[in-house]
Amino acid sequence: MDDTIKLALETIAQDKQAIVFCSSRASAEKTAEDIAKKVILTNQERKDQAKEISNSCLKVISPPTKQCKRLSAMLTKQIAFHHSGLHSKQKDTIETEFKHGNIKIICATPTLAAGLSLPVFRVICKSLKRFTGRFGMSWIPTLEYLQMAGRAGRPEYEDFGEAIAIAKTQNEKDEIYQRYICGKPEEIYSKLNVEPVLRMYLLSLIASGIIRDTDQMSEFFAKTFWAHQFGDLEELEEIIQRMLKLLEGWGFIVLGDLKKEQKRSLSLGKQKNSKNQKEDANDLFTSALEIVSNKTMKLEKSKESKDNGVFSVQLRATKIGKRVSELYLDPLTANHLIECLDKVQYRIDQAKNQSTGDQLKTTAFSYLQMISNTLEMRPRLRIKVKEQEYYSNVLLQHYEELLQEEPDVFDLNYNDFMNSIKTAEFFQKWINEVGEDVLLDEMNVRPGEIRVKLENANWLIYSCSELAKILNYKSQLAPLQRLRIRIKFGVSEEILPLLKLKGVGRSRARKLFNQGLKTIVDLKNSSQTDLTTILGPKLAASIKDQLGQKVEPIKKGKRTGQMNLGKFT
DNA sequence: GTATGCTGCGTTTAGACAGCATGTC
DNA sequence: CTAAACGCAGCATAC
């Protein structure tokens, strides 16, 4: 039998608890399941307790997903898995019930290591390797090992705790000993992801007025702990230089007083070719940039340049640049969104001018793909090998609606682009009321991920409408707002009016609609009795009340309102 | 006949943070 | 420089 499973069972035999850290979700689920298979609960009280927890996790989503069922089944044995795909309510109950001692083993991905304190007698690391795109399976950072191992030992209950790392070979054993037991935790800092961070950082520093010119900028970055950590100051200079130029080209900042604030796409009637626009902008700024290049950023030489009396170039955020910074958008994303909004607006204007002919339509899918292809929406839903054909069809189907060009098939970004199509398709299904169980089966999105995606989408769409306001694209505000509500509730267009009522969400609105109550007016004309049969007495009364109509006292029937409500939620 | 186990091959692979507005029986 | 394990299908064996 697997050593991990042996150790887990032995822990249970001691009537203690353990966390098993696994390197993938599939592994966490499977390991937990394998352990659960071998567990036999004898104590009736424990059985009942476990059953109760199992049920409460099962009914978090209705209808339950296969993930819910799998979790629920093993909770019966006081075993659980834990990873980011779980619904947050399930995560919560698992954590609290583990604390209460009602769950004996949790098989988890690193979520649990980073999260709140969840001390335990024994930590078992099934594997200390993890897949990384670039290097295949590689050792996890020492710091992460320490975090996981640090869960072991509960000062309140135990004198000590155990952290056990499983090695598959003698070689691995030595390596683990050297690397994790003797090794020092590495610096947290990585050079890999500097650019996006720097983009945002730079813009926010300028927008907030902390940095007003290139002198201050140089000074600021030279002094930063971050710059110190980065080490290679010249490389940092280059990056800052590049970011500055990008921010300027995107119209988020203005250099010096050489030019008035760039008005971006404010005139509605005019077709804007964004590429040309950008080039123009770059031309205009060349002189300013040259000054900057020659003068700033030579951090080591900054004294020298000051002595030479070269003047500093002013840095100022534009109106839209400020808003981008406030919205906490990556400027690259913001630019992408703005370009897409430009395109939508162009289509709208064209449609106004010529009434005939085929117009390129902007649909919900257009916007959904737009937000799906941002950095913020990463990681996108991945297209599996067998799904490729399906999603090329989806792409074809929505081709005309897209607001960005399809990259070349051999482009490195092509995969990512296709994943944005799948992600958009996921949102599309969500706002057409497809259930979470189906979404998991068909698209491999788990409830936990769904929540994160929806939150991001909500934020991005909100940001879009804020940008649209500044760009004066008024005609896009309503569609964006509608889309935002649809995303939030996961509903189709047709039942939108019903959502204004308190206590009416995705499923209740659908119920009403299917009973022929499609609008607020329909509801006003319906009797409270009818509403009661659909939604139960309490909600029926509440709706009548919200509509400003007389509320008849609730009759006490065989079933109370409480029970009805329970059934619907 | 059904359940379980083994082998071989193709496929997949952790997580989390930002803003906003408002509410849940 | 630098994979490993899961899931599934197909087949063998146990009950």
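Nothing here was measured: the structure is a model prediction, and the numbers come from that model. Every heavy atom of this structure was used, including side-chain atoms; hydrogens, water molecules and symmetry mates were not. Numbers restart at 1 for each chain; the letters A, B, ... are given by sequence-line order, proteins then strands.
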- With A:Asp441, which of A:Lys69, A:Lys66, A:Lys429 fulfils salt bridge (charged side-chain N to carboxylate O under 4.0 Å, His left out)? A:Lys66
- Message: Of the options B:dC25, C:dG7, B:dA18, whose atoms approach the side-chain atoms of A:Lys538 most closely?
- Response: B:dC25
- Task: Locate the shortest heavy-atom distance separating A:Thr333 from A:Leu375; write the atom from each residue and the value.
- Result: OG1-N, 3.9 Å
- A:Asp330 near the nucleic acid: base, sugar-phosphate alone, or nothing, with a heavy-atom cut-off under 4.0 Å? nothing
- Message: Within a 6.0 Å radius of atom NZ on A:Lys89, are there more than 12 heavy atoms belonging to other residues, nucleotides or ligands?
- Response: no
- Message: Output the rounded distance in Å from OH (A:Tyr328) to P (B:dC17).
- Response: 12 Å
- Task: For a side-chain contact (heavy atoms from CB on, under 4.5 Å) with A:Arg323, tell me which candidate from A:Leu329, A:Thr318, A:Ile470 qualifies.
- Result: A:Ile470
- Note on the structure: In whole angstroms, the gap separating P of B:dA18 from CE of A:Met377 amounts to 16 Å
- Considering only side-chain heavy atoms of A:Lys488, which listed nucleotide, B:dA21, C:dC6, B:dG15, is closest? B:dA21
- Query: How about A:Cys464 and A:Met370: do any of their side-chain heavy atoms sit closer than 4.5 Å?
  - Reply: yes
- Query: Does B:dC25 have a Watson-Crick or wobble mate here (both distances under 3.5 Å), and if so which one?
  - Reply: none
- Length of the line joining A:Gln67:CD and C:dG7:P, which is rounded to integer Å: 13 Å
- Taking CG from A:Leu203 and P from B:dA18, how many angstroms apart are they, rounded to a whole number? 19 Å
- Consider the side chain of A:His83, meaning its heavy atoms from C-beta on, and name the nucleotide among B:dG19, C:dC6, B:dG15 that approaches it most closely. B:dG15
- Of C:dC6, B:dG15, B:dC20, the nucleotide closest to the side chain of A:Ser84 is B:dG15
- Message: I need the CG-C1' distance between A:Leu112 and B:dA16, as an integer number of Å.
- Response: 15 Å
- Query: Which part of the nucleic acid, if any, lies within reach of A:Arg451 when heavy atoms closer than 4.0 Å are counted: base, sugar-phosphate only, or nothing?
  - Reply: nothing
- Query: Between B:dT24, B:dG19, B:dG15, which one does the side chain of A:Thr111 approach most closely?
  - Reply: B:dG15
- Please determine, for B:dA16, whether a Watson-Crick or G-U wobble partner exists with both distances under 3.5 Å, and give it or none. none
- Note on the structure: When rounded to whole Å, the CD to C1' distance for the pair A:Glu172 and C:dA3 reads 11 Å
- Check every atom of C:dA5, B:dT24, C:dT2 against the side chain of A:Phe135 and return the nucleotide holding the closest atom. C:dT2
- Does C:dA14 have a Watson-Crick or wobble partner in any strand here, with both distances under 3.5 angstrom, and which is it? B:dT2
- Which residues pass the salt bridge (charged side-chain N to carboxylate O under 4.0 Å, His left out) test with A:Arg382, sequence neighbours left out? none
- Under 4.0 angstrom, heavy atoms only, what part of the nucleic acid is A:Glu455 near: base, sugar-phosphate, or nothing? base
- Query: In whole angstrom, what separates A:Ile485's CD1 from B:dA21's P?
  - Reply: 14 Å
- Task: Map A:Leu460 and A:Glu144 onto DNA chain B by nearest heavy atom, then report which one ends up closer to the 5' terminus.
- Result: A:Glu144
- Task: Return no unless some side-chain N or O of A:Ser463 is found under 4.0 Å from OP1 or OP2 of B:dG19.
- Result: no
- 5'-most contact on DNA chain B (nearest-nucleotide basis), A:Glu326 vs A:Cys22, goes to A:Cys22
- Message: Work out how far the P atom of C:dG7 is from that of B:dA14, and round it to whole angstrom.
- Response: 12 Å
- If the C1' atom of C:dC1 is compared with that of B:dC17, how far apart are they to the nearest Å? 33 Å
List, with names and distances, any nitrogen or oxygen atoms from the protein found under 3.5 Å away from nitrogen or oxygen atoms belonging to nucleotides 10-13 of chain B.
| unit_1 | atom_1 | unit_2 | atom_2 | d |
| --- | --- | --- | --- | --- |
| B:dT12 | OP2 | A:Val385 | N | 3.4 |
| B:dT13 | OP2 | A:Arg382 | NH1 | 3.0 |
| B:dT13 | OP2 | A:Arg382 | NH2 | 2.9 |

- Applying the 3.5 Å cut-off to both distances, the Watson-Crick or G-U partner of B:dT7 turns out to be C:dA9
- Could you give the distance separating C:dA3 and B:dA18 at their P atoms, to the nearest angstrom? 36 Å
- Message: Can you classify the ring geometry of A:His83 versus A:Phe81 as parallel (below 30°), tilted (30 to 60°) or perpendicular (above 60°)?
- Response: parallel
- Message: Once you apply a heavy-atom cut-off of 4.0 Å, does A:Ser138 come out as touching a base, just sugar-phosphate, or nothing?
- Response: nothing
- Task: Please report, rounded to the nearest Å, how far the P atom of B:dA14 is from the NZ atom of A:Lys126.
- Result: 13 Å
- Message: Ignoring hydrogens and geometry beyond distance, is a side-chain donor-acceptor pair present between A:Tyr367 and A:Gln476 at under 3.5 Å?
- Response: yes
- Message: With a sphere of 6.0 Å drawn around NZ of A:Lys184, does it hold more than 12 non-hydrogen atoms of other residues, nucleotides or ligands?
- Response: no
